[in-house]
Amino acid sequence: MLSKNFEHTVRFYEHRANGNSTWLPLVNVTLITPTDNRISLSLLFDTGASVTTLRADLYPMLGLLSWDQGQRVDTGTGGGVVAAYRYMTILEVFGKTIQCPIHLLAQLPKNPLFSGLLGRDIVFKEFGFGFWENVNELYVTTNP
């Protein structure tokens, strides 16, 4: 029988609103800025997000003067296709440093639990993932 070993466990956080509970897989990442500062962010692990996406108001973290300086791209969301701006950045995720694209998106609502979405492009290729939905845990290996 094939066995996979996972080095990291991501526990889901319970978010309660209007009497309902939602369990969210939140991942702590470090954004490494162009000036080599390290900023800790909580991102929602989102298998439906093609690209890691941050709220547009976080543009100063990238050393930008405005959120819309990058390459304009149309991106699909649950609400339809919207404009986003693409940048390359460096993230430290699960102990690995990865250069990857991110989108800044004005329509991404503020949430007190997370600053954006951890998406698939480049990032997911570095890892193997396993889910155990019944116990609200995500498992990660750096050796897929």
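Scanning both residues, Leu26 and Phe114, for their nearest heavy atoms gives CD2-CD2, 3.8 Å. Taking both residues in full, the closest heavy atoms of Thr53 and Val51 are given as OG1-O, 2.9 Å, listed atom of the first, atom of the second, then distance. Counting all heavy atoms, side chain and backbone alike, Thr97 lies closest to Glu92 at OG1-OE1, 3.8 Å. Heavy-atom minimum distance, Ile32 versus Asp36: CG2-OD1, 3.6 Å. Of all heavy-atom pairs spanning Leu108 and Ser115, the tightest one is CD2-O, 4.3 Å. Across all non-hydrogen atoms, the minimal contact from Ala84 to Leu105 is CB-CD1, 4.0 Å.
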Legend entry - Criterion side chain to side chain contact (heavy atoms under 4.5 Å, CB included) on Leu31 and Leu91, from CA distance to verdict: CA-CA 5 Å; Leu31 171 70; Leu91 295 178; 3.8 Å; yes
Inset, instruction - Begin with the C-alpha distance, continue with both residues' side-chain angles, and end with the deciding distance and a verdict on side chain to side chain contact (heavy atoms under 4.5 Å, CB included) for Leu43 and Leu54. - result: CA-CA 9 Å; Leu43 300 180; Leu54 300 178; 3.6 Å; yes
Inset, instruction - Evaluate side chain to side chain contact (heavy atoms under 4.5 Å, CB included) for Thr89 paired with Thr33, printing each intermediate quantity in order. - result: CA-CA 7 Å; Thr89 193; Thr33 70; over 6 Å; no
Inset, instruction - Test side chain to side chain contact (heavy atoms under 4.5 Å, CB included) on Val123 and Thr52 and set out the steps. - result: CA-CA 8 Å; Val123 177; Thr52 297; 4.0 Å; yes
Inset, instruction - Begin with the C-alpha distance, continue with both residues' side-chain angles, and end with the deciding distance and a verdict on salt bridge (Lys or Arg N to Asp or Glu O under 4.0 Å) for Arg72 and Asp74. - result: CA-CA 7 Å; Arg72 186 184 186 279; Asp74 291 329; 3.0 Å; yes
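Taking the side chain as every heavy atom from C-beta outward, Asp121 and Cys100 never approach each other to under 4.5 Å. Residues Arg86 and Thr75 fail the side-chain proximity criterion, which asks for heavy atoms closer than 4.5 Å.
Ring geometry for Phe129 against Phe124 counts as tilted: the plane angle lies between 30° and 60°, on a 0 to 90° scale. Taking the six-membered ring where the residue is Trp, Phe94 and Phe127 present perpendicular rings, their angle passing 60° and hence far from 30°.
At a threshold of 4.0 Å, the pair Asp46-Arg120 does not count as salt-bridged, since none of the basic side-chain nitrogens sits closer than that to a carboxylate oxygen.
For His15, there are no ring-ring contact (aromatic ring centres under 6.0 Å, His included) partners at least two apart in sequence or on another chain. Not a single side-chain hydrogen bond (donor to acceptor under 3.5 Å, both in side chains) links Gln71 to another residue, sequence neighbours left out.
Between Trp23 and Tyr13, the gap from one ring centroid to the other reaches at least 6.0 Å.
For the atom pair CH2 (Trp67) and CG (Leu104), the distance works out to 7.5 Å, reported to the nearest 0.5 Å. Summarising the geometry, atom CZ belonging to Arg55 is positioned 5.5 Å from atom NZ belonging to Lys110; distances are rounded to the nearest 0.5 Å. The distance from atom CD of Gln69 to atom CG of Leu64, rounded to the nearest 0.5 Å, is 4.5 Å. For the atom pair Leu117 CG and Ile102 CD1, the distance stands at 11.5 Å (nearest 0.5 Å). In this structure, CZ in Phe12 is found 9.5 Å from CG in Leu44, a value given to the nearest 0.5 Å.
Using a 4.5 Å cut-off between side-chain heavy atoms of Ile, Leu, Val, Met, Phe, Trp and Tyr, with links allowed through other members, Val82 and Tyr87 fall into different hydrophobic clusters. Residues Ile90 and Val27 do not share a hydrophobic cluster, defined by chaining ILVMFWY side chains whose heavy atoms lie under 4.5 Å apart. Hydrophobic clustering, with ILVMFWY side chains joined whenever heavy atoms are under 4.5 angstrom apart, groups Leu118 together with Phe131. When hydrophobic clusters are built by joining Ile, Leu, Val, Met, Phe, Trp and Tyr residues whose side-chain heavy atoms come closer than 4.5 Å, directly or via intermediates, Leu24 is not grouped with Leu138. Cluster annotation: Leu41 and Ile98 are assigned to the same hydrophobic cluster (Ile/Leu/Val/Met/Phe/Trp/Tyr, side-chain heavy-atom contacts under 4.5 Å, transitive).
The salt bridge (charged side-chain N to carboxylate O under 4.0 Å, His left out) contacts involving residues 126-144 comprise Arg11-Glu137, Lys96-Glu126, where partners must be two or more places apart or lie in separate chains.
Using modelled atom types, one side-chain atom of Ser42 and one backbone atom of Leu113 make a donor-acceptor pair closer than 3.5 Å.
Using modelled atom types and a 3.5 Å distance limit, the side chains of Thr141 and Asn143 yield no donor-acceptor pair.
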